[in-house]
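Notes for the one structure printed next.
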Amino acid sequence: MNIGVIFAGGVGVRMKVADRPKQFLMVNGKPIIIHTIEIFQKHPEIDGIIVSCISDWVEYMEELKNNYGLDKIGKIVPGGATGQLSIYNGLKAAEEVYGAENNIVLIHDGVRPLISAETISDNIRAVKKYGSAITTVPAQETIIVVDENEKCSSERVESIVNRSSARIARAPQSFYLKEIIEMQEKAISEGFTNMTDSCTLMTHYGKGLYTVAGEKNNIKITTPEDFYTFRALSDAKDNKELDLSAK
């Protein structure tokens with residue numbers, strides 16, 4: 001089976017919206033997270049979906065599931081204290097509902113609604129071939145690494161990353177479900193509960209990772225600027241003014 005684990009546990013402090021988390025902001029008549037989930041719902045290779053949601057909004061998410069006919073959602077679970085733990089809760093729910101043996105999981109941000117069906121298929125193929133799939137886009141600006149240990153008013157540049165070989169990690173990040181759960185539980189047992197993302201966690205334990213090319217436009221909606229960008233892109237897509245599937 002191929003399972004989408006959609007995590008939406010953040011409260012969206014940077015979005016500066018008082019009444020609801022960013023994933024439930026409305027764009028073109030539906031919440032952002034529904035824009036995201038519908039792409040997985042409609043994809044013929046996705047067999048099931050788990051949503052890891054901020055705990056106070058689980059009931060509302062259940063209502064959305066019913067209102068939008070999202071029948072591939074097998075379970076909605078509360079998120080954890082960190083992004084990593086929210087993902088872990090979703091992975092364990094996927095294991096509970098669908099089993100772990102030989103199943104592929106695509107871990108995706110609920111606030112990345114511009115993912116394409118092609119990228120989902122590419123992730124599934126890459127996991128089958130290589131055991132992992134990290135969706136990436138090429139770095140388009142120079143990346144500088146600074147010395148975090150040097151205490152002064154201006155950070156010292158330690159190195160410049162070769163932009164031609166640099167990639168920006170996005171989502172989905174996909175693995176065999178059994179393996180990513182094992183690595184999550186190893187990390188948690190060792191006190192690591194706030195790793196940046198799943199590829200950081202897997203790299204920490206020496207796992208080989210492979211990339212797939214993602215869409216440049218599949219931004220993570222974190223700030224008001226991101227929200228307005230998505231709304232504009234969504235309008236352009238609906239009006240067939242732009243092809244947002246370009247990689």
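Because only heavy atoms are used, hydrogens play no part in the values below, and waters and symmetry mates are left out as well, while side chains stay in. Keep in mind it's a predicted model, so treat the numbers as computed, not measured.
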Give the C-alpha distance, both sets of side-chain angles, the deciding distance and a yes or no for side-chain contact (heavy atoms from CB on, under 4.5 Å) between Ile115 and Ile120. CA-CA 8 Å; Ile115 182 177; Ile120 290 174; 3.6 Å; yes
Between Tyr88 and Ser198, is there a side-chain heavy-atom distance shorter than 4.5 Å? no
Testing the basics here: between Gly99 and Asn103, what is the closest heavy-atom pair and its distance to 0.1 Å? O-ND2, 2.6 Å
State the SG-CD1 distance between Cys53 and Ile6, to the nearest 0.5 angstrom. 12.0 Å
Would you sort out whether Arg125 and Glu118 count as a salt bridge (Lys or Arg N to Asp or Glu O under 4.0 Å), showing the intermediate values? CA-CA 11 Å; Arg125 280 194 295 269; Glu118 179 186 2; 6.0 Å; no
Judged by atom type as modelled, is there a donor-acceptor pair below 3.5 Å linking the side chain of Asn2 to the main-chain atoms of Ile104? no
Are Glu148 and Arg156 close enough for a salt bridge, meaning some N to O gap below 4.0 Å? no
Counting only heavy atoms from other residues, nucleotides and ligands, does the tally under 6.0 Å from OH of Tyr130 exceed 12? no
Closest non-hydrogen atom pair between Ala100 and Leu177, with its separation: CA-CD2, 3.9 Å
Test Gln173 against Asp197 for side-chain contact (heavy atoms from CB on, under 4.5 Å), laying out the working first. CA-CA 9 Å; Gln173 297 184 4; Asp197 55 15; 3.3 Å; yes
Is there a side-chain contact between Glu179 and Met202 in this structure, where contact means two heavy atoms from C-beta onward sitting under 4.5 Å apart? yes
Please tell me if the side chains of Gln23 and Pro31 come closer than 4.5 Å, counting only heavy atoms from C-beta onward. no
Which atom of Gln84 lies closest to which atom of Ala187, heavy atoms considered: NE2-CB, 3.9 Å
Could Arg170 and Glu215 be called an ion pair, given the rule that one side-chain N must be under 4.0 Å from one carboxylate O? no
NZ/NE/NH1/NH2 to OD/OE distance under 4.0 Å, Lys30 and Glu38: yes
Above 12 or not: heavy atoms from other molecules or residues under 6.0 Å from CD of Glu182? yes
Can Tyr68 be reached from Met61 by stepping across I, L, V, M, F, W or Y side chains whose heavy atoms are under 4.5 Å apart? yes
Using a 3.5 Å distance criterion without hydrogens, assess whether the side chain of Lys65 forms a donor-acceptor pair with backbone atoms of Ile73. yes
Close side-chain approach of Pro172 to Thr119, heavy-atom, < 4.5 Å: yes
State, with a plain yes or no, whether a side-chain heavy atom of Ile49 is found less than 4.5 Å away from one of Ile46. yes
How many angstroms lie between CZ in Arg112 and CD1 in Ile219, if you round to the nearest 0.5 Å? 8.5 Å
Output, in order, the C-alpha distance, side-chain angles, deciding distance and verdict of side-chain contact (heavy atoms from CB on, under 4.5 Å) for Leu91 and Glu95. CA-CA 6 Å; Leu91 295 173; Glu95 179 182 41; over 6 Å; no
Work out which heavy atom in Ala213 is nearest to a heavy atom in Asp122; give both atom names and the distance. O-OD2, 4.5 Å
Using a 3.5 Å distance criterion without hydrogens, assess whether the side chain of Glu158 forms a donor-acceptor pair with backbone atoms of Val145. no
Would you mind telling me which of Ile168, Val212, Thr211 makes a side chain to side chain contact (heavy atoms under 4.5 Å, CB included) with Thr135? Val212
Would you say NZ of Lys72 has more than 12 non-hydrogen atoms from neighbouring residues, nucleotides or ligands within 6.0 angstrom? yes
When you group the ILVMFWY residues by side-chain heavy-atom contacts below 4.5 Å and let the links chain together, are Leu106 and Tyr210 in the same group? no
Tell me whether Leu85 shares a hydrophobic cluster with Leu201, the cluster being built from Ile, Leu, Val, Met, Phe, Trp, Tyr side chains joined at under 4.5 Å. no
Could you check whether the rings of Phe230 and His35 sit parallel, tilted or perpendicular, using 30° and 60° as the cut-offs? perpendicular
Arg163 side chain to Ile160 backbone, donor-acceptor under 3.5 Å: no
Using only atom types and a distance under 3.5 Å, with no angle test, would you say the side chain of Asn218 pairs donor to acceptor with the backbone of Gly214? no
Is it true that a side-chain atom of Ser52 and a backbone atom of Ser86 form a donor plus acceptor pair closer than 3.5 Å? yes
Applying the 4.5 Å side-chain criterion to the ILVMFWY set and letting contacts propagate, would Tyr228 and Ile32 be lumped into a single cluster? yes
So, the side chain of Asp47 versus the backbone of Met1: is there a donor-acceptor pair under 3.5 Å, distance only? no
If two hydrophobic side chains count as joined below 4.5 Å and joins carry through other members, does Val137 share a cluster with Leu209? no
Straight-line distance of Ile33 CD1 to Asp109 CG, nearest 0.5 Å: 10.5 Å
Yes or no on side-chain hydrogen bond (donor to acceptor under 3.5 Å, both in side chains) for Thr200 and Thr203, after CA distance, side-chain angles and deciding distance? CA-CA 5 Å; Thr200 301; Thr203 301; over 6 Å; no
May I ask you to check whether Phe7 and His108 place their ring centres under 6.0 Å from each other? no
Does either side chain, that of Gln41 or that of Asp71, offer a donor lying less than 3.5 Å from an acceptor on the other one? yes
Stepwise, does the side-chain contact (heavy atoms from CB on, under 4.5 Å) test hold for Lys207 with Ser132? CA-CA 9 Å; Lys207 298 296 182 180; Ser132 64; over 6 Å; no
Provide the closest heavy-atom pair for Asp226 versus Ile221 in the form atom of the first, atom of the second, distance. CB-CA, 3.6 Å
Rounded distance [0.5 Å steps], NZ in Lys22 versus CD1 in Ile54: 10.5 Å
Can you measure from CD1 (Ile50) to CD1 (Ile87) and round to the nearest 0.5 angstrom? 14.0 Å
Reported NZ-to-CG distance for the pair Lys178 and Asn102, which is rounded to 0.5 angstrom: 8.5 Å
Note: Phe175 and Cys199 closest approach over all heavy atoms is CZ-N, 4.4 Å
Would you sort out whether Lys186 and Glu190 count as a salt bridge (Lys or Arg N to Asp or Glu O under 4.0 Å), showing the intermediate values? CA-CA 6 Å; Lys186 182 175 176 63; Glu190 294 175 356; 3.3 Å; yes
With a 4.5 Å limit on heavy-atom distance, are the side chains of His43 and Ile39 in contact? no
